[in-house]
Amino acid sequence: MSEHILVSVAWPYANGPFHVGHMAGAYLPADIFARYQRLRGRQVLMVSGSDCHGTPITLAAEKEGVTPQTIINRYHQSFIETLHAMGITFDLFTQTYTTNHYAATTDIFETLQSKGYIYREIAIGSYSESLQRFLPDRFVEGTCPNCNYAKARGDQCDKCGQLRDPKELGSPRSTLDGAPVIFRDTEHFFLDLAKLEPALREWLESTDRDYWRSNTMQFTQNWLREGLHGRAITRDLEWGVPVPGAVEGFADKRIYVWFDAVIGYYSASLEWAKRTGQPDAWRKWWDPAGAQRGYYFIGKDNIPFHTIIWPAMLLGYGDRALPYDVPANEFLNLEGQKMSTSQNWALWMPDIMSRYEPDLVRYYLTAAAPEGRDSNWSWAEFVQRTNSELVATWGNLANRVLTIAQRNFGGVPTPSDLTAADTTLLNTIEVGFARVTELYEAVKLRSALQETMALAQTANQYLSEQEPWKVVKVDRDRAATVIFVALKIIDTLNRLFSPIMPHASQKLHQMLGYDDMIAPQPQVEYELDPDGAQRPVLTGQYAIAARWQMSELVPGVSLRDPAPLFRKLDDSVAADELARLQAK
RNA sequence: GCCGAUAUAGCUCAGCGGUUAGAGCGAACGACUCAUAAUCGUUAGGUCGGUGGUUCGAUUCCACCUAUCGGCACCA
């Protein structure tokens, strides 16, 4: 039995706030999965943090005339606020700009180096004399040798799709200032993926990975088919983790951001353990011999880093658990069009959270989750699903049952003998419970939600047929039985819904007379960053009773006064939001 | 260009080598009134993108075509 579940979530790049695509792609599914696992009584460690290094952050800082720290502090703060508002239960959401992370990165680099998995090589880099710096290929443009398109980028021509190398461009220049680009030798460290490839293949083939999503496997095998090559892990940059060992000629070079970002899963685990006062506690989730599983929640653009590069690094490092599953999501479109942050065609989370309750967003993003293929956010559908599913089917079910119970019996009534209708319903719920459990376990959250909502409909049918509001006038015992059964059902369904809608579930849990937490929430705390300034982290106390089972509600329990779980949205919302979006 | 994904009811999507292809929403009609004008029932609606092939049998497998989308590596 895998009692220790590591929930690793993609590290957001700290150069802009979250949009709904980030939530749908990684943070929300990760949180739902973590909440489900905790309710099953398993030990969950959920980590991530802000990815603070790399060229775009440096450039953003220069553009504003501020330090990189200013940029990352701004967006790290924004990330924390969104995650907190959405109720994403990180054990630790930290950042890569910490002494802890620098130390872990240095350790992994040095260990890989000592084992011969890192080598040095001279490469040719695109260099801007005007800016006196090397440029990533994407910041170089010129004339495409294939189609003569004048604005082909260094990594790819947008017109014909060809091109691999900026040196092939005619009259290459920088996209930053338009000045010419020259090519200079530059020495770098490389991760020897070719050397790690056999071990990587062995790991991939060591077990039947049918449970991986087909797209994840597809991407991975495409990479392997072409064979693995060394990958540069340092860059000519001044912002990032320094190259360990004070190597001559590397003083003005830094660890390349992709290399240090994936290490974050590990370094954040170490940091979490230190914060708890048990510095070795992380081992339970990272010991390959232990009962553990690591799940990596990411967007599809990140697949090779998590199924190839990070596993290869771990294999090279040695004695650390590799990913068990990498449930990568596809992309979320917006009103039928691909989201684009540069064209501001996006729904920004700070904006959304200012107007809508987190559970509404959580519900809709799960119902329309891009699990198997790209999906779409539509405001009309958001309103429709909220009103007809959340409010009418589920919220109303809970409300009507609680109201009848409270008004007629003042609490959980004592049932008499169950009829065939009662046992049939209870059986349906029990079978459904098992099916939903399987779906959560397999990270099929969209289906899990759909199944649970279907069970709520079954409960509504039962009430229509049994008519307890009528029966109570002629046969109080029978009405008591029906209401008892209905209360058990909504209590049970509330547990199935709780990973997806924790705020509403906690409310209902308390209305049902419970005093404990079923859906805890994260909190913001503060740590010192390497410069001595305070930085926020997201963390929390999530120890809860293992309530992943049918309701154990007993007669005589007193209920708290019912209140609606969700409010209906006005029909004008869809049109208003669409107008707001198009006005940008 | 190469690789891959997707094309199913008005809309959003499930599904799958085999009886009359499903759900939700939307539409029409009816029931009910405990509940947030919520709920429940009934009905209408599809030659499952096109062509060809494999098969006793294909929406489901294969090939090609068309359309849409994504990836193509040193980009985070």
Side-chain angles (χ1 to χ4, degrees), chain A residues 10-15 51 53-57 123 125 136-139 146-147 153-157 160-166 188 190-191 193 214-215 218-219 221-223 225-226 228-235 256-259 261 299-305 308-309 330-331 333 336-338 367-368 372-376 378 380-381 383-385 387-408 446-447 450 453-454 456-457 459-472 479 482-483 486 562-568:
Chain A
W11 287 58
Y13 198 60
N15 69 342
D51 181 1
H53 303 131
T55 309
I57 285 171
D137 287 352
R138 65 195 306 218
F139 290 116
N146 186 50
C147 71
R153 286 182 320 167
D155 50 352
Q156 185 185 349
C157 172
C160 69
Q162 300 236 339
L163 199 67
R164 283 275 165 88
D165 196 324
H188 283 292
F190 284 71
L191 178 64
L193 285 171
S214 61
N215 200 14
Q218 196 83 48
F219 265 84
Q221 292 190 330
N222 265 349
W223 263 55
R225 198 171 298 131
E226 293 171 30
L228 300 181
H229 317 288
R231 243 180 119 93
I233 56 172
T234 53
R235 292 243 91 179
Y256 201 2
V257 59
W258 67 257
F259 183 84
K300 68 175 166 187
D301 51 334
N302 256 321
I303 289 171
F305 283 94
I308 293 192
I309 293 178
E330 309 286 303
F331 290 150
N333 294 322
Q337 290 173 52
K338 197 186 173 188
R373 63 159 95 159
D374 289 358
S375 67
N376 186 46
S378 132
E381 199 190 336
V383 173
Q384 177 253 301
R385 281 188 180 272
N387 289 348
S388 69
E389 295 175 15
L390 257 193
V391 178
T393 302
W394 170 234
N396 182 56
L397 170 66
N399 194 228
R400 68 197 295 209
V401 171
L402 284 167
T403 304
I404 303 173
Q406 193 72 313
R407 186 177 303 158
N408 294 289
R446 183 176 179 152
S447 296
Q450 202 179 345
M453 197 51 84
Q457 285 186 329
N460 273 322
Q461 287 165 14
Y462 169 82
L463 288 175
S464 284
E465 286 159 12
Q466 299 305 318
E467 301 181 310
W469 52 89
K470 261 188 196 169
V471 174
V472 73
V482 170
I483 290 306
L565 293 178
F566 310 99
R567 281 176 301 134
K568 257 189 100 161

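Letters go in sequence order (proteins before strands), and every chain restarts at 1.
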Q. How long is the gap from CG on A/Leu565 to CG on A/Leu397, to the nearest 0.5 Å?
A. 10.0 Å

Q. Nearest 0.5 Å, what's the CZ-CG distance between A/Arg400 and A/Asn460?
A. 5.0 Å

Q: Give the rounded distance in Å between these two atoms: CG of A/Asn302 and C1' of B/C74.
A: 14 Å

Q: In whole angstrom, give me the gap between the C1' atoms of B/U59 and B/U20.
A: 15 Å

Q) Whole Å only: how far is the CZ atom of A/Phe259 from the C1' atom of B/C75? A) 18 Å

Q. Taking atom NE2 of A/His53 and atom CZ of A/Arg235, what is their separation to the nearest 0.5 Å?
A. 15.5 Å

Q. What integer number of Å spans the P atoms of B/C3 and B/A23?
A. 40 Å

Q. Where do A/Asp374 and A/Phe331 come nearest, in terms of heavy atoms and distance?
A. OD1-N, 3.0 Å

(Q) What does the B/S/- profile of nucleotides 4-15 of chain B look like, 5' to 3', with a 4.0 Å heavy-atom cutoff to protein? (A) S-SS----SSS-

(Q) Would you measure the distance from the P atom in B/C61 across to the matching atom in B/C69 and give it in whole Å? (A) 24 Å

Q) Is the distance from OP1 or OP2 of B/A76 to the nearest side-chain N or O of A/Tyr256 less than 4.0 Å? A) yes

Q) What integer distance in Å separates A/Asn15:CG from B/A76:C1'? A) 8 Å

(Q) Given a 3.5 Å cut-off on both pairing distances, which stems involving RNA chain B, each at least three consecutive Watson-Crick or G-U pairs, are present, if any? (A) B:1-7 with B:66-72, B:10-13 with B:22-25, B:27-31 with B:39-43, B:49-53 with B:61-65

Q.
When you compare the side chain of A/Phe259 with that of A/Thr234, does any pair of heavy atoms fall below 4.5 Å?
A. no

Q | Length of the CD1-P vector between A/Ile57 and B/C75, whole Å | A | 16 Å

Q | Rounded interatomic separation in angstrom, taking CD from A/Glu330 and P from B/G70 | A | 12 Å

Q: Check whether any side-chain heavy atom of A/Asn387 sits under 4.5 Å from a side-chain heavy atom of A/Phe566, and report yes or no.
A: no

Q: Write down the distance separating the C1' atoms in B/C32 and B/U39, rounded off to the nearest Å.
A: 8 Å

Q.
Both A/Gln461 and A/Ala232 contact RNA chain B. Taking the nearest nucleotide for each, which residue is further toward the 5' end?
A. A/Gln461

Q. Roughly how far apart, to the nearest Å, are B/C40 and B/C11 at atom P?
A. 25 Å

Q: With rounding to the nearest 0.5 Å, note down the distance linking CG in A/Leu191 to CZ in A/Arg231.
A: 9.0 Å

Q) What heavy-atom pair brings A/Ala456 and A/Trp394 nearest, and what distance separates the two atoms? A) CB-CE3, 4.3 Å

Q. Base of B/G45 relative to its sugar, syn (within 90° of 0) or anti?
A. syn

Q. Roughly how many Å is it from CG in A/Asp301 to C1' in B/C74, rounded to a whole number?
A. 15 Å

Q. What does A/Glu465 touch in the nucleic acid at a heavy-atom separation under 4.0 angstrom: a base, only the sugar-phosphate, or nothing?
A. nothing

**Q.** Protein-to-nucleotide contact annotation, 5' to 3' order, nucleotides 26-38 of chain B [B base; S sugar-phosphate only; - none; under 4.0 Å, heavy atom]
**A.** ------SSBBB-S

Q: Could you tell me the separation between the CG atom of A/Leu463 and the CH2 atom of A/Trp469, rounded to the nearest 0.5 Å?
A: 6.0 Å

Q | Any donor-acceptor N/O pair, A/Thr393 side chain to A/Ser388 backbone, under 3.5 Å | A | yes

Q | Whole-Å P distance, B/A31 and B/G49 | A | 40 Å

Q: Using the P atoms only, state how far B/C62 lies from B/A5, rounded to an integer number of Å.
A: 9 Å

Q.
Which heavy atom of A/Lys568 sits nearest to which heavy atom of A/Val391, and what is that distance?
A. CG-CG1, 3.8 Å

Q: Examine distances only and state if a side-chain atom of A/Asn408 and a backbone atom of A/Ile404 form a donor-acceptor pair shorter than 3.5 Å.
A: yes

Q: Rounded to the nearest 0.5 Å, what's the gap from CD on A/Gln466 to CD1 on A/Ile483? Could you check?
A: 10.5 Å

(Q) Quick check on B/C75: is either OP1 or OP2 less than 4.0 Å from any side-chain nitrogen or oxygen of A/Arg235? (A) yes

Q. Using atom C1' of each nucleotide, how far apart are B/G10 and B/A28 to the nearest Å?
A. 14 Å

